[in-house]
Amino acid sequence: MSTRAFITGVSGTELTAAEREFIRAERPWGFILFKRNVATPAQVAALVAELRSVANAPEAPVLIDQEGGRVQRLGPPHWPVYPPGAVFANLYDTDSALGLAAARLSARLIAADLVDLGITVDCLPLADVPVPGADAVIGNRAYGTEPGKVAAIARAVTEGLEQGGVLPVLKHIPGHGRATADTHFKLPTVDTPRDELERTDFAAFKPLADLPMAMTAHVVFSAFDPAHPATTSATMIADVIRGAIGFQGLLMSDDVSMNALSGNIAERTRAIFAAGCDVALHCNGSIEEMRDVASQTPELAGRALERAKAALAARKPPQPFDRVAARTELDALIARANTASA
């Protein structure tokens, strides 16, 4: 059965009658969960199963933002706390091999949590490179301030997720680290020259261009397109994301409902597809907005469909894994990182 080129959130811990009707009628390609959708492991697993059942799509991707630190949709008392990216960066500075090992272990443990629930995609890793004076929305989520180090840790995180049977989503391409505003609330403009962006921000993403999926940044890069954020900029997508960075996987927008984007929800959705994104992402669970997104979303077809199929085909079964031993090892590495940074 064909699907539409969008990923949708839902409003709560169970589907409403309106949401069931919407999913059946509009056939979203995938789903994304947030804290409002989470109560207990059994409830989350049941919700995930119902999403796929109602969609009549047993392999439909179910996404979540489970980074660790302050961006962690699953948390205590049912799920453990995971460290933010800065912990791996600090450990990397002491011993690069240990920093990579900790990043890989943390992602592998996260993947085990997600697979238990039927969640198959994690919106991780970040390759954003923050700079002094930038908004704190990235902050300690980042893996450092040097592109090579950021890319290396992001690759280790990717490996951990993939070993656990979870697909990664690279974000926020082509870079959110210089943004001076939180794109949930307003649109930031980055005026950094082209050559500097290519040497720093874009350079962190380039070694990760083979990842199956990526999420755009709602950020204007005036050196390339002073009028549009990357999400709705045909120039940024063709020349930078697909061109200079070389990313050829499935490209999804960041959340359509974020206030960095201008226009109403329908207008934003049209702009996302016109710019060259393959899939639109809508997160807040508002049924009215969901309908607006669906009304402007095409069938998943052509190159976008090929990329979507390739992304899902990249998922492999989880490899054998001792969760208790891995958590013990990760805790020891985190303690070492904390000691080093003290």
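Position 1 is the first residue of the sequence, and the numbers go up from there. On a predicted model such as this, the values are computed, not experimentally measured, just so you know.
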What pair of heavy atoms forms the shortest contact from [X] to [Y], and how long is it?
X: A275; Y: T231; result: CB-O, 3.8 Å
X: R307; Y: G249; result: CD-O, 3.3 Å
X: A156; Y: A103; result: CB-CB, 4.2 Å
X: V220; Y: P226; result: CG1-O, 3.8 Å
X: A280; Y: S253; result: CA-OG, 3.6 Å
X: V54; Y: R20; result: CG1-O, 3.5 Å

How many angstroms lie between [atom1] in [X] and [atom2] in [Y], if you round to the nearest 0.5 Å?
X: L300; Y: L305; atom1: CG; atom2: CG; result: 5.0 Å
X: M236; Y: I241; atom1: CE; atom2: CD1; result: 6.0 Å
X: T216; Y: L170; atom1: OG1; atom2: CG; result: 11.5 Å
X: E21; Y: I287; atom1: CD; atom2: CD1; result: 8.5 Å
X: L74; Y: L33; atom1: CG; atom2: CG; result: 8.0 Å
X: T200; Y: D195; atom1: OG1; atom2: CG; result: 9.0 Å

Side-chain contact test, heavy atoms from C-beta onward, threshold under 4.5 Å: evaluate it for [X] versus [Y] and give yes or no.
X: L124; Y: L161; result: yes
X: L167; Y: P61; result: no
X: M252; Y: M213; result: yes
X: R242; Y: Q248; result: yes
X: F6; Y: T269; result: no
X: F31; Y: N37; result: no
X: L109; Y: R323; result: yes
X: L208; Y: F247; result: no

So, [X] versus [Y]: side-chain donor-acceptor pair below 3.5 Å or not?
X: S2; Y: E299; answer: yes
X: Q163; Y: R108; answer: no
X: Q66; Y: D113; answer: no
X: D225; Y: T235; answer: no

Is the backbone N or O of [Y] less than 3.5 Å from a side-chain atom of [X], with the two atoms forming a donor-acceptor pair by type?
X: R73; Y: V38; value: no
X: T120; Y: V166; value: no
X: R36; Y: V10; value: yes
X: E50; Y: E14; value: no
X: T3; Y: R27; value: no
X: S106; Y: A102; value: no
X: S233; Y: A230; value: no
X: Q72; Y: G75; value: no
X: E59; Y: L312; value: no
X: S53; Y: A49; value: no

Salt bridge check: are [X] and [Y] linked by an N-O gap of less than 4.0 Å?
X: R199; Y: E196; answer: yes
X: R141; Y: D128; answer: no
X: R303; Y: E306; answer: yes

Checking R268 now: which residues fulfil side chain to side chain donor-acceptor pair (under 3.5 Å) with it, not counting sequence neighbours?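 In terms of side chain to side chain donor-acceptor pair (under 3.5 Å), with neighbours along the sequence ignored, R268 is linked to no residue.
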Taking a hydrophobic cluster as the set of Ile, Leu, Val, Met, Phe, Trp and Tyr residues connected by side-chain heavy atoms closer than 4.5 Å, whether directly or through intermediates, do [X] and [Y] fall within one such cluster?
X: L15; Y: L117; result: yes
X: L281; Y: I173; result: no
X: V157; Y: I138; result: yes
X: I110; Y: F88; result: yes
X: I32; Y: V169; result: yes

Got more than 12 heavy atoms from elsewhere within 6.0 Å of NE2, H78? yes
Assess whether side chain to side chain contact (heavy atoms under 4.5 Å, CB included) is satisfied between I245 and V240, documenting all intermediate values. CA-CA 6 Å; I245 291 173; V240 177; 4.1 Å; yes
Under the criterion side-chain hydrogen bond (donor to acceptor under 3.5 Å, both in side chains), which of H172, H218, H176 is the partner of T183? H176
Could you give me the CA-CA distance, side-chain angles and deciding distance for L333 and L105, then say whether side chain to side chain contact (heavy atoms under 4.5 Å, CB included) is met? CA-CA 10 Å; L333 291 171; L105 268 177; 4.1 Å; yes
Would you call the rings of F202 and F224 parallel, tilted or perpendicular if under 30° counts as parallel and over 60° as perpendicular?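 Tilted, since the angle between the ring planes falls between 30° and 60°.
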Derivation and outcome, side chain to side chain contact (heavy atoms under 4.5 Å, CB included), residues K316 and E162: CA-CA 7 Å; K316 301 296 189 292; E162 291 177 336; over 6 Å; no
Under the side chain to side chain contact (heavy atoms under 4.5 Å, CB included) rule, what do R178 and L197 come out as? Steps first, then yes or no, please. CA-CA 10 Å; R178 293 181 185 272; L197 289 169; 3.9 Å; yes
Option passing side-chain contact (heavy atoms from CB on, under 4.5 Å) with R336 (candidates D331, N90, L98):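 Only match with R336 under side-chain contact (heavy atoms from CB on, under 4.5 Å): L98.
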Please evaluate residues D254 and K171 with respect to the criterion salt bridge (charged side-chain N to carboxylate O under 4.0 Å, His left out), reporting the C-alpha separation (whole Å), side-chain torsions for both, the decisive distance (0.1 Å), and the verdict. CA-CA 9 Å; D254 203 345; K171 62 189 187 186; over 6 Å; no
Using the ring of Y82 (Phe, Tyr or Trp, six-membered ring only), decide whether R327 places NZ or CZ under 6.0 Å from its centre and within 45 degrees of its axis. yes
Does D239 have any salt bridge (Lys or Arg N to Asp or Glu O under 4.0 Å) partners at least two apart in sequence or in another chain, and if so, which?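 Testing D239 for salt bridge (Lys or Arg N to Asp or Glu O under 4.0 Å), a comparison that skips the adjacent residues, returns none.
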